[in-house]
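Okay, structure first, notes after.
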Amino acid sequence: MVKTIFMGADPIALPLLETLLAHPEIDLCAVLTQPDRPSGRGKKLSPNPIKAWATTNGLEIRAPDKPSDAEIEWLQGLGIKLSLVMAYGHILRKTLLHSPPLGTWNFHASILPKHRGASPIESAILAGEQQTGVSLMQIVPKMDAGPVLDVEKVPITSEDTSPSLREKLSLACKPLLLRNIQKLLAGNLAPLPQDASAATYCTKISKNHGQIDFTQPAAQLERQTRAYFPWPGTYFDFNGTLIKVAKAKVVPSSGQPHGTVLSADKSGLTIETPDGAIQFHQLQRPGGKMLPAETFFLGFQIPIGLVLP
């Protein structure tokens with residue numbers, strides 16, 4: 001059995017970990033992950049889902065703020081031969097990458113070279129892609145730029161939100177691993193270099209990404225609503241109150257100026273854009289719950305004809 005370490009902190013990798021643990025030729029003996037972070041209303045320190053899984057399964061765990069020489073010595077002391085990574089959140093040093101004799105390989109949630117960076121799932125939805133996937137790539141000391149061994153593709157439907165697409169990509173890791181595990185263990189590899197000229201990049205998401213700009217086309221706002229559901233959510237300013245919205249669809253234009261409120265009733269909140277109108281079927285006030293439009297407008301009014309900023 002080949003001694004293997006996994007590096008990551010996001011629950012997207014849990015199906016991959018289960019597959020590794022069950023594989024007869026893999027000895028998954030350790031996990032390198034992120035430190036415990038404050039979470040919940042009480043802001044108590046809590047382990048991330050990968051650390052919690054590793055604890056349950058009796059694996060050795062390290063969770064430094066940033067991997068250092070101590071982690072390299074730890075890997076060498078364990079006799080690690082193969083390192084697999086997904087959603088770890090660090091650019092790894094050459095000394096750490098080269099420590100396992102069979103290399104360090106990353107599962108990245110896009111079809112590289114598209115959507116390198118921290119938010120490939122949301123970015124694929126925003127870009128209107130019809131498919132994405134998981135790329136198995138050799139890590140180099142540059143963000144998501146290493147040669148690609150194989151890709152497992154998944155479709156993106158018009159109904160997909162970030163959580164539903166994340167689930168598809170999570171499950172896609174299993175066939176991708178099983179199809180390539182013998183190559184990884186034997187070192188019989190011929191990964192293909194990426195076309196750097198075709199690379200696109202995505203950033204870490206912040207709350208500001210959810211703000212709606214009604215000068216954008218309705219189709220783009222519909223994708224924004226799906227991409228940023230449930231966090232940070234999409235929202236607009238109504239007289240100083242931030243209203244969150246969800247369940248959007250594109251409807252025909254009325255020819256009014258962009259930002260004009262066309263309806264605010266049980267049919268939904270409909271707002272004109274430069275290309276079509278956008279209709280939201282769920283809304284939420286600060287401190288409240290996300291409600292169907294019919295229920296929301298029983299206690300909150302937005303005037304027809306108002307032009308939103």
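For clarity, every value in this text was computed on a predicted model and none was experimentally measured.
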Apart from Phe229 itself, what residues make up its hydrophobic cluster when side-chain heavy atoms of I, L, V, M, F, W and Y under 4.5 Å apart count as a link, directly or indirectly? none

Between Ser164 and Thr161 (side chain of the first, backbone of the second, donor and acceptor by atom type, cut-off under 3.5 Å), is there such a pair? yes

Kindly list each side-chain donor-acceptor pair under 3.5 angstrom involving residues 284-307, sequence neighbours excluded, with atom names and distances?
unit_1 : atom_1 : unit_2 : atom_2 : d
Gln284 : NE2    : Gly288 : O      : 2.8
Gln301 : NE2    : Phe297 : O      : 2.8

Minimum side-chain heavy-atom gap Gln34-Ile50 below 4.5 Å: no

Would you be so kind as to tabulate the donor-acceptor pairs closer than 3.5 Å made by side chains of residues 124-132, with sequence neighbours excluded?
unit_1 : atom_1 : unit_2 : atom_2 : d
Glu129 : OE1    : Lys114 : NZ     : 3.3
Glu129 : OE2    : Lys114 : NZ     : 3.4
Glu129 : OE2    : His115 : NE2    : 3.2

Indicate yes or no for a side-chain donor-acceptor contact from Gln224 to the backbone of His209 under 3.5 Å, with no hydrogens or angles considered. yes

Which donor-acceptor pairs under 3.5 Å do the side chains of residues 26-33 make with protein atoms, sequence neighbours left out?
unit_1 : atom_1 : unit_2 : atom_2 : d
Thr33  : OG1    : Gly8   : O      : 2.7
Thr33  : OG1    : Asn48  : OD1    : 3.4
Thr33  : OG1    : Asn48  : ND2    : 3.0

Hey, are Arg93 and Asp69 close enough for a salt bridge, meaning a charged N less than 4.0 Å from a carboxylate O? yes

Taken in chain and number order and not counting sequence neighbours, the residues that satisfy side chain to side chain donor-acceptor pair (under 3.5 Å) with Ser110 are His108

For Val2, is there any backbone N or O sitting under 3.5 Å from a side-chain donor or acceptor partner on Thr4? yes

With sequence neighbours left out, which residue pairs that include part of residues 258-288 fulfil the ring-ring contact (aromatic ring centres under 6.0 Å, His included) condition? none

Given a cutoff of under 4.5 Å between side-chain heavy atoms of I, L, V, M, F, W and Y, with clusters grown through shared members, what are the other residues clustered with Leu45? none

Looking at Lys168, Arg226, Arg166, which one forms a salt bridge (charged side-chain N to carboxylate O under 4.0 Å, His left out) with Asp160? Lys168

Side chain to side chain donor-acceptor pair (under 3.5 Å) with Gln282: which residues, sequence neighbours excluded? none

Expected output: side-chain Glu18 to main-chain Lys174 donor-acceptor under 3.5 Å: no

Listed by chain and number, what are the side chain to side chain donor-acceptor pair (under 3.5 Å) partners of Glu152, not counting sequence neighbours? Arg179

Which residue pairs satisfy the ring-ring contact (aromatic ring centres under 6.0 Å, His included) criterion with at least one member in residues 69-88, sequence neighbours excluded? Tyr88-His90

Can you list the other members of the hydrophobic cluster that holds Met137, where links are side-chain heavy atoms under 4.5 angstrom apart? Ile111, Leu112, Val148, Val151

Got a donor-acceptor contact below 3.5 angstrom from the Thr225 side chain to the Ala246 backbone? no

Side-chain donor or acceptor of Ser83 paired with backbone N/O of Thr104 under 3.5 Å: no

In the hydrophobic clustering (ILVMFWY, side-chain contacts below 4.5 Å, transitive), which residues join Met1, or is it alone? none

